[in-house]
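Everything on this sheet refers to the single structure shown next.
Along the sequence shown, the residues carry numbers beginning at 1. We count ligands from 1, going down the list as the structure has it; atoms in each ligand are counted the same way.
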Amino acid sequence: MYKIAVLPCDGVGPEVVREGLKVLDVAARKHDVQFETIEYDIGGERYLRTGEVMPDSVFDELQQCDAIYLGAVGHDQVKPGILEHGILLRLRFGLDQWVNLRPIQLYEGVETPIKNKGPKDINFLVVRENTECLYVGAGGFAHQGTPMEVATQTMVYTRQGTERIVRWAFEAARRRAARRSDADIAAAAWGPTEQDRQAGRDWRGVLHLVDKANVLTYGHDLWTRVMAEVAPEYPEIKPDHAFVDACCMWMVKNPEWFDVIVTCNMFGDIITDLGAMIQGGMGVAASGNINPDGVSMFEPIHGSAPKHAGNNVICPIAAIAAAGMMMEHLGEQACADSIEKAIRRALASGKLGDLSTRSGVKTTEAGDLVASLI
Ligand code: IPM
Ligand code: MN
């Protein structure tokens, strides 16, 4: 019996979480997965009511569950930063969820704004480091409020933190490579050429380190060295590299060049919003905050969209996909596959429209459709 903590939080969070749980319920019953949910009332409303963001007692309870399912954080009447730090970042850091896994995949039937690209071209994983970088909150002000004011915000990388995420990304690339046929590899844009093969460079996947090592000469030099050290342990994966600005260009121009990307927290945040757009919008992009040895948390990557809250217009596919990722993480592969297949069929049916808030498809209808396809 899995104990799943549910944190719907703010804005449209509760609406999309409800659809995710609706689908999860059907899939779990089909595959005989037992789970109970414990819902926690935290978020902007509670903060405005009580002045409290997340009581320590809630944090302690979350530490005891098998997984956390989160809706969206952010409230239009609460100063930006309070809820983000008090809930999302507190959980990511406090539970040491050091992997932020964000699959960028264009499904059949979903429109991408990129001309002449289809599902075969847009299918990669972003492995975002989730506990370091600019997010550690190191910095401060000097001479605040005077003309001499100085603001600093420091990027922090540890050797251990960098190595564990690079290794995890290589492992993820290895798992993807193991599922690939020779024909897939021959057709892949990054696949080895005849010359590569003759030179013994016969890789079956590629891992791009995305950094800014040309400017961030200390922090990203560490990433570059770690990548070079770990790569030989994964001979079937080609280690590659892109500067983050060029990566943004290629994600639009040649998304088929990417298989797995590993990157720091800040760049991972930015490129995955771009990734969400090329895979069809915020309505489909899901993520997992993973602690491989602890409690992990799954969420759509979109925010709380306060202006749409309560209107039943938000596409819940991202939240449903996040529930699928949660099942996969818990080792319930059949249940996860069921959810993924139902999402694919729902999207391919064209019945979900353009997935935007103007699609005319209600949040609840989209959830019903996916649930009916399990
Ligand atoms: C995300 C969000 C968060 C982040 C915010 C809400 C703190 O943008 O999950 O990508 O920056 O990580
Ligand atoms: Mn973000």
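- Listed by atom number, the atoms of ligand 1 under 4.0 Å from Glu84 heavy atoms are 6 (C), 7 (C).
- A continuous path of hydrophobic side-chain contacts links Leu209 to Val99 [ILVMFWY only; heavy atoms under 4.5 Å].
- Taking the six-membered ring wherever Trp is involved, the centroid distance between the rings of His220 and Phe267 falls below 6.0 Å.
- Two rings, from Trp257 and Trp190, have their centers 6.0 Å or more apart.
- A ring-centre distance under 6.0 Å is not found for Phe298 and Tyr69.
- Looking at Met266 against ligand 1, nothing comes within 4.0 Å, counting heavy atoms.
- Here Asp269 meets the criterion, with an N, O or S atom under 2.8 Å of the Mn ion (ligand 2).
- Within ligand 1, the atoms closer than 4.0 Å to a non-hydrogen atom of Leu88 are 3 (C), 6 (C), numbered from 1 in the order shown.
- Here His302 has no heavy atoms under 4.0 Å from ligand 1, in either its backbone or its side chain.
- Counting heavy atoms closer than 4.0 Å to ligand 1, residue Ile301 contributes nothing at all.
- The nearest protein atom to atom 2 (C) of ligand 1, hydrogens excluded, is given as Asp269 OD1, 4.0 Å; this is a heavy-atom distance.
- Considering Arg180, Arg204, Lys238, Arg175 in turn, Arg180 is the only one that fulfils the salt bridge (charged side-chain N to carboxylate O under 4.0 Å, His left out) rule with Asp259.
- When non-hydrogen atoms are compared, ligand 1 lies under 4.0 Å from the side chain of Arg92 (C-beta onward) but not from its backbone.
- Sparse packing is recorded around CD of Gln160, with 12 or fewer heavy atoms of other residues, nucleotides or ligands lying under 6.0 Å away.
- Of all protein heavy atoms, the one lying nearest to atom 1 (C) of ligand 1 is Arg102 NH2, 3.4 Å.
- Aromatic ring centroids of Phe258 and Phe124 lie under 6.0 Å apart.
- If you check which protein heavy atom lies closest to atom 11 (O) of ligand 1, you get Tyr135 OH, 2.6 Å.
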